[in-house]
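Below you'll find the structure, written out as structure tokens, and then a few comments.
Only heavy atoms go into these numbers, but all of them, side chains included; no hydrogens, no water, no symmetry mates. Chain letters run A, B, ... following the sequence lines, proteins first and then strands; every chain starts at 1.
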Protein chains: 4
Amino acid sequence: MEKAKRKEKEFLFRRQEILEEAERMFAAKGFHATTMAEIAQGAGFAIGTLYQFFQGKEDLYVSMVTEKLQLMYQEIRGAVQAREDTLQKVDALVSTYFLFVENNADFCTFFIRSDGATLPDVSNALREQMIEAYLGQIQFIEEIINKGIEDGIFQPGKARDYAFALSGIIRGIIFDWLVGAHQGSLTGKTGLVTDIFLRGVLVDQNNKR
Amino acid sequence: MEKAKRKEKEFLFRRQEILEEAERMFAAKGFHATTMAEIAQGAGFAIGTLYQFFQGKEDLYVSMVTEKLQLMYQEIRGAVQAREDTLQKVDALVSTYFLFVENNADFCTFFIRSDGATLPDVSNALREQMIEAYLGQIQFIEEIINKGIEDGIFQPGKARDYAFALSGIIRGIIFDWLVGAHQGSLTGKTGLVTDIFLRGVLVDQNNKR
Amino acid sequence: MEKAKRKEKEFLFRRQEILEEAERMFAAKGFHATTMAEIAQGAGFAIGTLYQFFQGKEDLYVSMVTEKLQLMYQEIRGAVQAREDTLQKVDALVSTYFLFVENNADFCTFFIRSDGATLPDVSNALREQMIEAYLGQIQFIEEIINKGIEDGIFQPGKARDYAFALSGIIRGIIFDWLVGAHQGSLTGKTGLVTDIFLRGVLVDQNNKR
Amino acid sequence: MEKAKRKEKEFLFRRQEILEEAERMFAAKGFHATTMAEIAQGAGFAIGTLYQFFQGKEDLYVSMVTEKLQLMYQEIRGAVQAREDTLQKVDALVSTYFLFVENNADFCTFFIRSDGATLPDVSNALREQMIEAYLGQIQFIEEIINKGIEDGIFQPGKARDYAFALSGIIRGIIFDWLVGAHQGSLTGKTGLVTDIFLRGVLVDQNNKR
DNA sequence: GATGAATGAGGATTCATTCAT
DNA sequence: AATGAATGAATCCTCATTCAT
């Protein structure tokens with residue numbers, strides 16, 4: 001069916017346009033301060049049309065955030081899975097994370113700092129959904145770490161804590177970059193992050209780095 | 001003036017009651033979903049009375065958050081400054097942070113995960129203020145680290161990055177605890193956090209820990 | 001032209017299907033709460049198709065009601081005209097009315113109690129139309145009564161009032177039956193109604209019935 | 001408490017003003033076509049003020065109708081109970097009904113014809129409430145009739161049917177008057193109505209009236 | 001003829017804030 | 001100082017109707 005296919009494609013295209021406009025708006029003004037009318041106008045549609053693609057404002061918001069996060073997680077996973085070596089996986093994890101943030105600074109500015117979970121005014125059900133997505137990402141990191149533990153390069157027993165720690169370091173550095181007017185290269189800090197995560201900050205008396 | 005003093009005291013007392021009710025409400029329902037009427041009712045005052053203590057809803061919200069954060073930062077600083085040794089300062093930083101979170105889980109649940117900075121719907125001016133508070137905290141950590149660098153125990157040159165990293169690790173572990181139904185002791189993870197921060201996660205070939 | 005005829009027939013058939021679905025919907029949910037989309041879906045047509053048969057929602061509503069009423073009036077007139085005797089005409093009027101209600105309880109439940117005239121939200125022009133239909137029915141009853149007056153069996157001078165009175169009695173009894181969960185036979189009350197209308201409720205001292 | 005009393009009085013006064021404006025509006029344009037803004041404006045209040053007296057539009061509508069009906073029923077009951085004799089009670093019932101309609105033609109025009117029960121678009125719960133009110137009135141009439149049966153002046157066994165019949169006759173005549181541009185006196189038709197109800201329309205061969 | 005995606009006007013309701021008492 | 005009734009701006013969403021395919 002050629003026709004059905006083209007319709008499907010057009011539908012997805014329009015949907016994407018709306019999502020992109022929504023991202024701009026929400027990022028700039030937040031959830032409540034952004035009106036459906038503005039998004040519609042910005043995307044070049046009538047208000048009612050938005051409701052053919054999304055159930056309502058909240059659905060639009062959550063769809064936008066969820067899909068963007070999904071994209072980020074996908075990119076990260078893809079990059080990580082392309083590596084064999086555990087240390088390289090960690091490196092890919094951090095650098096891909098940073099790369100995504102550099103390329104999506106607006107979105108991240110209003111969202112990433114929330115640990116992927118703060119939606120003070122959005123329904124709890126949706127909040128859960130986003131926490132879950134974040135926890136999925138944590139689990140993914142945990143698996144990498146577990147692999148490293150099996151290989152004898154990471155200390156055993158604390159994989160989940162390490163995952164949160166690594167994620168925390170990454171987010172900390174990202175936050176710095178985001179509020180700091182995006183100075184310098186974020187990806188350039190990959191080595192710094194992995195270094196802290198792997199070897200800590202202490203001066204190693206026996207084995208200078 | 002005895003009288004003026006008592007008035008002052010009563011004023012502060014009332015103000016505090018409002019703040020506490022506001023904290024409960026905002027933590028439970030978020031900024032927008034909480035109404036001034038609810039807070040007034042909960043605190044046992046008339047709506048109009050709230051406006052004698054705070055300029056408006058936003059002011060009330062920000063005051064609550066700011067003062068709570070201030071309290072947290074104060075506690076942390078107090079504990080840190082009570083130690084001489086840099087490593088003990090780091091330890092105090094982490095454990096006091098954790099202690100505060102354990103004692104203020106509700107507040108932290110809705111707020112700390114925001115890196116102390118996400119207020120999607122609150123005016124930018126206020127957001128800046130909160131980011132600033134967070135950056136103040138970062139700077140405080142940075143100073144500890146600089147001290148450690150001077151003492152030759154931390155690697156030089158990256159104090160600010162280290163500060164964000166440490167803050168990130170702490171927040172990561174806190175997040176885990178908050179969404180994980182507060183299982184186990186958070187303060188009990190102090191050693192874990194400092195360990196990661198100081199020595200990293202790698203198995204040290206030359207110098208087993 | 002065979003073809004044109006078949007088309008005509010199909011057109012009428014489709015139209016009828018839409019009307020029947022509309023009747024179900026409107027009876028169940030009222031005018032405003034029923035959407036064109038629902039009717040279209042229920043009737044198995046596309047929304048746009050409805051507009052080939054009816055000018056709009058209001059037209060559809062009014063057509064449905066009007067035609068249903070027309071049907072009722074037709075049945076009643078047919079039955080009445082089949083009788084010669086005036087008293088038998090009255091009897092036929094009442095019993096056919098009741099019969100129709102029994103067979104169209106859903107429609108009547110939402111409509112008949114309105115005296116065939118209450119459409120609080122439908123345009124005045126249409127309201128007039130329906131009042132007129134009702135008045136037509138009254139006039140028809142009036143004519144029966146006038147015949148009876150000519151025959152010397154009804155008291156003269158009040159034919160129109162009598163028509164409203166008879167119609168009122170019928171509607172009163174119907175209302176009772178409709179809200180009373182349709183208990184018992186409505187047609188079985190024909191004698192009761194005609195009795196009240198003809199002889200009143202007083203015990204006749206001279207002439208026991 | 002003088003003050004509380006005056007407040008109460010003022011509250012009731014404002015509420016009544018809103019109800020009266022609502023009655024005008026709803027009677028003129030129907031439920032859906034009337035906006036809260038119009039009522040507020042007409043009553044000289046801000047929109048929000050309406051919500052201090054009524055939960056919402058529907059509540060306002062139902063309150064208006066319910067209270068008006070209550071008033072009508074009260075007047076009727078009062079007049080009926082002031083009479084001793086059953087036939088005089090019937091007379092008072094009809095004439096007071098008519099009097100109320102004459103004095104509240106607007107309200108009745110849009111409502112009475114509905115048998116006190118048609119609210120096509122208002123929630124079912126409320127519809128039930130109004131049907132109940134109507135049935136209460138029927139029961140009241142039924143009791144009068146039962147008294148007459150005990151006294152041996154009405155034919156036994158059909159009190160409820162008679163009540164609906166009498167109510168039906170009254171409504172039928174009212175409808176005529178309402179749609180007929182209010183020609184002539186409605187109360188003047190009291191005798192006509194009681195005559196039909198009591199003695200029917202047949203010419204009585206033995207006992208001329 | 002049939003379709004159904006797009007349109008956008010229209011309104012109920014909420015709630016922070018004010019100010020007369 | 002405390003009150004809380006009154007205010008009214010601001011916005012989400014529905015759904016009848018159209019028209020390009």
Side-chain angles (χ1 to χ4, degrees), chain A residues 3 6-7 10-11 14 18 31-41 43-61, chain B residues 7 10-11 14 31-41 44-61, chain C residues 7 10-11 14 31-41 44-61, chain D residues 3 6-7 10-11 14 18 31-41 43-61:
Chain A
K3 203 171 160 186
R6 206 194 58 221
K7 273 216 169 165
E10 278 187 10
F11 178 87
R14 283 187 229 279
I18 295 171
F31 179 74
H32 271 95
T34 301
T35 69
M36 291 298 268
E38 283 170 331
I39 297 173
Q41 169 124 101
F45 291 97
I47 294 177
T49 307
L50 266 53
Y51 288 82
Q52 303 220 320
F53 294 88
F54 304 95
Q55 298 207 5
K57 192 183 179 183
E58 206 168 273
D59 181 36
L60 172 53
Y61 179 76
Chain B
K7 277 225 167 158
E10 276 187 11
F11 179 88
R14 285 187 228 276
F31 179 74
H32 269 94
T34 300
T35 68
M36 291 298 269
E38 283 170 331
I39 297 173
Q41 166 123 110
F45 292 97
I47 295 178
T49 309
L50 265 54
Y51 286 81
Q52 307 221 316
F53 295 88
F54 303 95
Q55 298 205 4
K57 190 184 182 185
E58 211 167 87
D59 181 36
L60 172 53
Y61 180 76
Chain C
K7 278 224 166 159
E10 275 187 10
F11 179 87
R14 283 189 230 276
F31 179 73
H32 269 94
T34 301
T35 68
M36 290 298 267
E38 282 170 332
I39 297 173
Q41 168 124 106
F45 292 97
I47 295 178
T49 308
L50 265 55
Y51 287 82
Q52 308 222 315
F53 295 89
F54 304 95
Q55 296 205 7
K57 190 185 181 184
E58 211 168 86
D59 181 35
L60 172 53
Y61 180 75
Chain D
K3 202 171 159 186
R6 205 193 60 219
K7 272 215 169 166
E10 277 186 11
F11 178 88
R14 284 188 228 279
I18 295 171
F31 178 74
H32 270 94
T34 300
T35 68
M36 290 299 268
E38 282 170 331
I39 297 173
Q41 168 123 102
F45 291 97
I47 294 179
T49 307
L50 266 55
Y51 287 83
Q52 302 220 321
F53 294 88
F54 303 96
Q55 299 207 4
K57 191 183 180 184
E58 206 168 274
D59 182 36
L60 172 53
Y61 180 76

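- Residue contacts shown for C/G48 include a base, since a base heavy atom lies under 4.0 Å away.
- Across the interface with DNA chain F, nearest-nucleotide mapping of D/K7 and A/Y51 shows D/K7 to be the residue nearer the 5′ end.
- One atom, CE of D/M36, and another, P of E/dT13, lie 6 Å apart when rounded to the nearest Å.
- Between D/F54 and D/Y61, the distance from one ring center to the other does not fall under 6.0 angstrom.
- In this structure, B/F54 atom CZ and E/dA16 atom P are separated by 15 Å, rounded to whole Å.
- With rounding to whole Å, B/L60 atom CG is found 16 Å from E/dC15 atom P.
- Nearest nucleotide to the B/K57 side chain, out of E/dA16, E/dA12, E/dT7: E/dA16.
- Distances shown here put a side-chain N or O of A/T49 below 4.0 Å from the OP1 or OP2 atom of E/dT7.
- Nearest heavy atoms, D/F31 versus D/K57: O-NZ, 3.0 Å.
- Between the CD1 atom of A/I47 and the P atom of E/dG10 there is a distance of 13 Å, rounded to whole Å.
- Extent of DNA chain F lying under 4.0 Å from chain C heavy atoms, first and last nucleotide in 5' to 3' order, is F/dC15 to F/dT18.
- Comparing C/F11 and D/A37 by the nucleotide of DNA chain E that holds the closest heavy atom to each, the one mapping nearer the 5' end is C/F11.
- Where A/A46 and D/T35 meet DNA chain E, the nucleotide closest to each residue was compared, and A/A46 sits on the side nearer the 5' end.
- Minimum heavy-atom separation, A/F11 to A/Q52: CE1-O, 4.3 Å.
- With sequence neighbours excluded, no residue satisfies side-chain hydrogen bond (donor to acceptor under 3.5 Å, both in side chains) with C/T49.
- Mapping C/G56 and B/F53 onto DNA chain F by nearest heavy atom places B/F53 at the nucleotide closer to the 5' end.
- When base pairs are accepted only as Watson-Crick or G-U wobble with both N-N or N-O distances under 3.5 Å, DNA chain E takes part in stems of 3 or more pairs at E:2-21 with F:2-21.
- Rounded to a whole Å, the CG atom of D/L50 is 10 Å from the P atom of E/dA12.
- Between A/M36 and A/L50, the shortest heavy-atom contact is O-CD2, 3.6 Å.
- In this structure, B/F53 CZ and B/D59 CG are separated by 12.5 Å, a value rounded to the nearest 0.5 Å.
- Put simply, CD1 on D/I39 is 8 Å from P on E/dA12, counting in whole angstrom units.
- Rounded to whole Å, atom P of E/dC15 lies 16 Å from atom CD of B/E58.
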